[in-house]
Each structure stands twice: as C-alpha cells, then as structure tokens.
Amino acid sequence: QVQLVESGGGLVQAGESLRLSCAASGRTISRYIMAWFRQAAGKDRELVAAMTWNGIRRYNADLEKGRFTISNNVAQNTVSLQIDSLKPEDTAVYYCAAASRASDYASGYEYWGQGTQVTVSS
C-alpha cells in the first residue's frame with residue numbers, strides 16, 4: 001500500500017524554474033523505485049526521471065539533458081523534480097509514481113499520485 005501526493009505545479013513563464021514535490025507514504029516505501037512522469041494533452045504519458053531511495057538515478061534520454069533533476073529527501077519521504085529553463089512544451093500534468101521493479105514505462109508502475117498541472121506560457 002503506497003500513497004503519493006504531488007504538489008508544486010502552477011502557471012509559470014518560459015525560462016523560469018519550478019520544483020515539484022511528491023510526498024510518499026506506506027510500508028516498505030523505501031523498497032520502491034520512484035519516478036516522475038508527465039502527460040501533455042493528447043499525448044502518451046512519458047517518463048521524465050526515476051530514482052531509488054538510495055540515490056540511483058535514471059533520466060529519459062529523449063528529453064533535453066540538464067533541465068531535469070530528480071532528488072529525494074529520505075527523512076521527509078519526498079521525491080522532487082526540478083525543472084529548469086521551462087519551455088511551453090513542458091506543459092503537462094506531472095505525476096509521481098512508484099514501482100516495485102525497474103521500468104521505463106508507465107505500465108510498469110503500480111502506484112500513482114493524482115498529478116499536478118504545470119503550464120508554461122511563452
């Protein structure tokens with residue numbers, strides 16, 4: 001049983017930065033791989049980044065390198081996604097997810113938050 005709650009989305013201007021947060025809870029949460037996905041209107045849900053609680057990170061190679069940073073705070077049970085130099089194409093609902101086994105695809109994740117909307121104006 002895992003519960004995930006995202007926060008930090010909003011309306012921002014292109015070029016600005018935003019930090020999203022995911023509060024995770026549940027027994028054995030530390031055994032799960034955590035990830036951030038995003039889904040733009042009319043598009044498939046895509047992986048942004050994933051990490052283990054002990055700090056192993058994986059980024060979607062199809063996305064611009066360097067603009068996305070995933071991190072965690074073990075004491076607070078949170079996983080964050082820092083997005084720098086925001087672009088209009090970053091506009092999407094961003095989801096926090098947890099999986100018991102590694103996967104690059106949304107279908108591999110068992111638990112999901114409700115999502116937080118990020119809208120980037122040009």
Side-chain angles (χ1 to χ4, degrees):
Q1 183 69 32
V2 175
Q3 293 180 326
L4 306 172
V5 181
E6 304 98 333
S7 62
L11 176 63
V12 296
Q13 290 186 316
E16 295 181 342
S17 296
L18 197 64
R19 188 175 183 87
L20 309 179
S21 182
C22 172
S25 63
R27 291 186 176 181
T28 68
I29 185 64
S30 63
R31 299 181 182 179
Y32 285 82
I33 296 168
M34 308 299 299
W36 283 95
F37 285 79
R38 69 182 186 182
Q39 187 166 23
K43 303 292 184 180
D44 292 333
R45 194 168 297 186
E46 67 175 353
L47 175 72
V48 179
M51 74 176 299
T52 65
W53 286 97
N54 64 347
I56 301 174
R57 295 169 170 82
R58 183 181 182 91
Y59 293 92
N60 184 347
D62 293 334
L63 302 181
E64 183 179 347
K65 294 182 178 180
R67 293 203 301 116
F68 303 92
T69 304
I70 189 169
S71 61
N72 66 350
N73 185 316
V74 176
Q76 296 183 359
N77 273 0
T78 58
V79 179
S80 298
L81 180 69
Q82 175 78 23
I83 312 174
D84 296 321
S85 301
L86 280 156
K87 300 178 179 180
E89 52 262 43
D90 294 323
T91 296
V93 177
Y94 285 73
Y95 296 93
C96 180
S100 58
R101 303 176 70 178
S103 177
D104 290 339
Y105 304 98
S107 60
Y109 283 76
E110 304 161 42
Y111 300 97
W112 295 85
Q114 294 300 306
T116 184
Q117 176 72 46
V118 174
T119 303
V120 184
S121 62
S122 60

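Put simply, the side chain of Tyr94 reaches to within 4.5 Å of the side chain of Trp36, judged on heavy atoms. Residues Leu47 and Tyr59 fail the side-chain proximity criterion, which asks for heavy atoms closer than 4.5 Å. Between Asn60 and Val48, every side-chain heavy-atom pair lies at or beyond the 4.5 Å cut-off. Residues Tyr109 and Ile33 have side chains in contact (heavy-atom distance under 4.5 Å, counting atoms from C-beta outward). With contacts defined as side-chain heavy-atom distances shorter than 4.5 Å, the pair Glu46/Leu63 qualifies. A 4.5 Å side-chain heavy-atom check between Lys87 and Arg67 finds at least one atom pair inside the cut-off. Under the 4.5 Å side-chain criterion, counting only non-hydrogen atoms from C-beta, Ser21 is not in contact with Glu6. Side-chain contact between Asp90 and Arg38: present, with at least one pair of heavy atoms (C-beta onward) separated by less than 4.5 Å.
To the nearest 0.5 Å, the span separating OG on Ser103 from CD on Glu110 amounts to 10.0 Å. Rounding to the nearest 0.5 Å gives a distance of 12.0 Å between CD of Gln82 and CD1 of Ile70. Leu18 contributes atom CG, which lies 13.0 Å from atom CD of Gln13 (distance to the nearest 0.5 angstrom). To the nearest 0.5 Å, atoms CZ (Arg31) and CZ (Arg101) are separated by 15.0 Å.
Hydrophobic clustering (ILVMFWY, side-chain heavy atoms < 4.5 Å, transitive): Met34 and Val74 are in one cluster. By the criterion of side-chain heavy atoms lying less than 4.5 angstrom apart, applied directly or through intervening Ile, Leu, Val, Met, Phe, Trp or Tyr residues, Tyr95 is not grouped with Val120; the two fall into different hydrophobic clusters.
Of all non-hydrogen atoms in Leu86 and Ser17, the two that sit nearest each other are CD1-C, 3.9 Å. Taking every heavy atom of both residues into account, Ala14 and Ser122 meet most closely at CB-CA, 4.3 Å. Contact detail for Leu4 and Ala24: the closest heavy-atom pair is CD2-CB, 3.7 Å.
Within a 6.0 Å radius of CG in Asn54, other residues, nucleotides and ligands contribute more than 12 heavy atoms.
A side-chain N or O of Arg19 and one of Ser71 form a donor-acceptor pair less than 3.5 Å apart.
Between Phe37 and Trp112, the distance from one ring center to the other falls under 6.0 angstrom.
Judged by distance alone, the side chain of Asn72 and the main-chain N or O of Trp53 form a donor-acceptor pair under 3.5 Å. Judged by distance alone, the side chain of Arg57 and the main-chain N or O of Met51 form no donor-acceptor pair under 3.5 Å.
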Hey, mind stepping through Thr78 and Asn73 against side-chain hydrogen bond (donor to acceptor under 3.5 Å, both in side chains) and telling me if it holds? CA-CA 5 Å; Thr78 58; Asn73 185 316; 5.0 Å; no
